[in-house]
Amino acid sequence: MEIEIATIGGYEEVGRQMTAVRAGEDIVIFDMGLNLSQVLIHDNIRTEQMHSLDLIDMGAIPDDRVMSELEGDVKAIVPTHGHLDHIGAITKLGHRYDAPIVASPFTIELVKEEIQDESKFQVDNDLVKMEAGETMSIGERNELEFVNVTHSIIDAINPVLHTPEGAVVYGLDKRMDHTPVVGDPIDMKRFREIGREGDGVLCYIEDCTNANKKGRTPSEAVARSQLRDVMRSLEDFDGGIVATTFSSHIARVKSIIEFAKEIGREPVLLGRSMEQYSGTADKIGVPFPDDVGMFGHRKSVDRAFKRVMNEGKENFLPVVTGHQGEPRAMLTRMGRGETPYQIDNGDKVIFSARVIPEPTNEGQRYQSERLLKMQGARIYDDVHVSGHLRQEGHYEMLDALQPQHVIPAHQDMGGFSGYVDLAGNEGYKLGRDLHVTENGNTIQLV
């Protein structure tokens, strides 16, 4: 059986992930993501109202024209998790393929919400929920399996396409977390089984976000401990405390809520995406306390801020969007003085997130922090652990899977360098079984 990989997006940047695997006449697409930084550099762009061709020209979504070179039928579109760099282009490209969207329950709910917000295209692909550990047939000779992984969002999986020539493992995005705060640990037992059963692993496509960083990525339990330490140290502080993190990071948001209550403050979730992700998690059975307010619309957010100011900032802990300094996010608006919340000298702002290492984000985050400091805020930075493997995690995955071929992804050429070195240490050779590629290429493996 011929096996061919099309590296469509995410092989020259962190963002707009999209990869297609052809096994005989059956094609599976993994991820259809957005490069958010290419959108944020434009003022007042609303992607839901834009045509796919314009977004492709902007470099915001994958250019999927290479799909016409694959001789087969798309049988499934499989997003690995609910971050926008993996699902953000489904509303622009998904309707082009007569195939179901297959994902974990939380991811499917987020895809459904993206489709409901879309105003340019009619996306009516079937939405199929599949849990980690389950399988489905792809054509007559191939099988799709979901393996549970841990990431900075719940319900993340690594899909595996089992073919007669061996397994193709799509390894975006994960960290090696054996003590997660929400959900099950990464299923390393199953990865080791896949590496040693049948014809083993033909190809492993790997997320290289942190491949240049030594050591291992800590567990979310470490971030939870750091966060508790910071927030307990503020228990006797009688001014304003504001926290921000990834809205999609349900485990982190739940930890902030818990620790806010421990120090006698009422947590309030503010911002459209904060309400969306937390509300969706609650809907699929990851419950939030009934007494936690979630407000997404501008007027309801401003009413919540007015209540905080009227009843005393020392009694509340707003959890807001804007950890990357996004121009329209809640924390940025607070820094510009555009909300009823008054930041006073000495107030604390906790960033439970790192800056995504990309110039647009870094510039916007710097500006946001400067605005907050000009109003007298004191910043607690980087109370966080990454959702991506560092070098020791990559070594462990290669040892577990023992793939015949490896394709680095989710970075630019500079970001691939660390992975090329460590894969070389494991006996892989560039151009032979280690394939560094670009967007729009195809690699024929069999």
Side-chain angles (χ1 to χ4, degrees), residues 1-13 15-35 38 51-80 85-102 121 123 125 138-142 144 159-172 202-206 403-413 416 430-446:
M1 178 183 282
E2 288 188 346
I3 308 293
E4 194 172 13
I5 314 283
T7 58
I8 304 168
Y11 293 85
E12 297 174 11
E13 67 276 295
R16 60 171 176 168
Q17 318 302 326
M18 184 172 173
T19 302
V21 178
R22 179 176 74 85
E25 296 180 353
D26 302 323
I27 300 171
V28 177
I29 295 173
F30 296 121
D31 288 335
M32 278 186 182
L34 178 72
N35 188 340
Q38 294 297 99
H51 197 282
S52 55
L53 295 177
D54 294 326
L55 289 164
I56 288 171
D57 288 343
M58 283 172 56
I61 65 173
D63 183 347
D64 65 344
R65 284 175 292 188
V66 69
M67 288 294 295
S68 63
E69 299 176 16
L70 300 184
E71 297 181 0
D73 297 321
V74 176
K75 296 297 175 67
I77 299 166
V78 183
T80 53
D85 59 334
H86 296 257
I87 67 169
I90 288 176
T91 58
K92 301 300 180 182
L93 302 177
H95 66 282
R96 301 185 186 190
Y97 305 99
D98 184 15
I101 298 164
V102 184
F121 298 106
V123 180
N125 304 59
I138 300 292
E140 295 182 359
R141 302 179 64 193
N142 304 303
L144 177 69
V160 180
L161 185 63
H162 295 277
T163 82
E165 305 293 337
V168 177
V169 180
Y170 184 73
L172 283 60
L202 173 67
C203 183
Y204 180 41
I205 302 165
E206 177 60 297
Q404 297 175 42
H405 297 268
V406 180
I407 302 176
H410 210 283
Q411 259 295 355
D412 57 19
M413 288 297 167
F416 289 150
L430 201 59
R432 182 189 67 194
D433 45 20
L434 174 60
H435 310 277
V436 175
T437 184
E438 296 177 322
N439 296 338
N441 284 348
T442 59
I443 300 167
Q444 187 133 8
L445 297 177
V446 179

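Bear in mind that the values here come from a model prediction, so they are computed numbers and not experimental data. These values consider heavy atoms only, across backbone and side chains, with no hydrogens, waters or symmetry-generated copies.
Annotation: the span from His410 atom NE2 to Asp85 atom CG amounts to 4.5 Å, rounded to 0.5 Å. A distance of 12.0 Å separates CG in Asp57 from CD in Gln38, rounded to the nearest 0.5 Å. Interatomic distance, Met58 CE to Asn35 CG, rounded to the nearest 0.5 Å: 9.5 Å. In this structure, the separation between OG1 on Thr442 and CD1 on Ile8 is 10.0 Å, given to the nearest 0.5 Å. Rounding to the nearest 0.5 angstrom, the gap separating the CD1 atom in Ile61 from the OG1 atom in Thr91 is 8.0 Å. Taken from CD1 in Ile443 to CD1 in Ile5, the straight-line distance is 7.0 Å, to the nearest 0.5 Å.
Pairing each heavy atom of Ile407 with each of Cys203, the nearest pair is CD1-SG, 3.7 Å. The minimum heavy-atom distance between Ser68 and Arg65, with the atom names listed, is OG-O, 2.8 Å. When all heavy atoms of Gly33 and Pro62 are compared, the pair lying nearest together is O-CD, 3.1 Å. Nearest heavy atoms, Pro79 versus Ile77: CD-O, 3.4 Å. A pairwise comparison of heavy atoms in Ser52 and Leu93 identifies CB-CD2, 4.3 Å as the closest pair. Residues Ala6 and Leu70 share a closest heavy-atom pair of CB-CD1, 4.0 Å.
Side-chain contact between Ile27 and Met67 is present, with at least one heavy-atom pair separated by less than 4.5 Å. A 4.5 Å side-chain heavy-atom check between Asp412 and Glu13 finds every atom pair outside the cut-off. The side-chain heavy atoms of Ile205 and Pro408, taken from C-beta on, include no pair separated by under 4.5 Å. Within the 4.5 Å cutoff, no side-chain heavy atoms of Asp73 are placed close to those of Glu25. Between Leu445 and Glu165 the shortest side-chain heavy-atom distance does not fall below 4.5 Å. With a 4.5 Å cut-off on side-chain heavy atoms, Tyr170 and Val168 do not count as touching.
Side-chain atoms of Asn142 never come within 3.5 Å of backbone atoms of Leu161 as a donor-acceptor pair (strictly under, hydrogens ignored). Remark: the backbone N or O of Glu438 is paired with a side-chain donor or acceptor of Thr7 at under 3.5 angstrom. In this structure, the side chain of Gln411 does not engage the main chain of Ala409 through any donor-acceptor pair within 3.5 Å. Remark: side-chain polar atoms of Asn439 are paired, donor with acceptor, to backbone N or O of Gly10 under 3.5 angstrom.
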### Query
Between Ile29 and Met18, does a side-chain contact (heavy atoms from CB on, under 4.5 Å) hold up when you go through it step by step?
CA-CA 7 Å; Ile29 295 173; Met18 184 172 173; 3.9 Å; yes
### Message
Let's go through Met413 and Val436 carefully: what are the C-alpha distance in whole Å and the side-chain angles of both, what is the deciding distance for side-chain contact (heavy atoms from CB on, under 4.5 Å) to 0.1 Å, and is it a yes or a no?
### Response
CA-CA 8 Å; Met413 288 297 167; Val436 175; 3.6 Å; yes
### Task
Go through the steps to decide whether Arg96 and Val74 satisfy the test side-chain contact (heavy atoms from CB on, under 4.5 Å), and finish with yes or no.
CA-CA 10 Å; Arg96 301 185 186 190; Val74 176; over 6 Å; no
### Task
Assess whether side-chain contact (heavy atoms from CB on, under 4.5 Å) is satisfied between Thr163 and Arg141, documenting all intermediate values.
CA-CA 7 Å; Thr163 82; Arg141 302 179 64 193; over 6 Å; no
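Partner of Tyr11 under the side chain to side chain donor-acceptor pair (under 3.5 Å) criterion, out of Asn441, Thr437, Thr19: Thr19 alone.
Between His51 and Phe121, the gap from one ring centroid to the other is short of 6.0 Å.
Ion pair Arg22/Glu2 flagged as a salt bridge, since at least one NZ, NE, NH1 or NH2 atom sits closer than 4.0 Å to an Asp/Glu carboxylate oxygen.
Atom CZ of Arg432 has more than 12 neighbouring heavy atoms from other residues, nucleotides or ligands inside a 6.0 Å radius. The number of heavy-atom neighbours closer than 6.0 Å to CD of Gln444, taken from other residues, nucleotides and ligands shown, is above 12.
For the residue pair Thr80/Asp31, the side-chain donor-acceptor check at 3.5 Å is satisfied.
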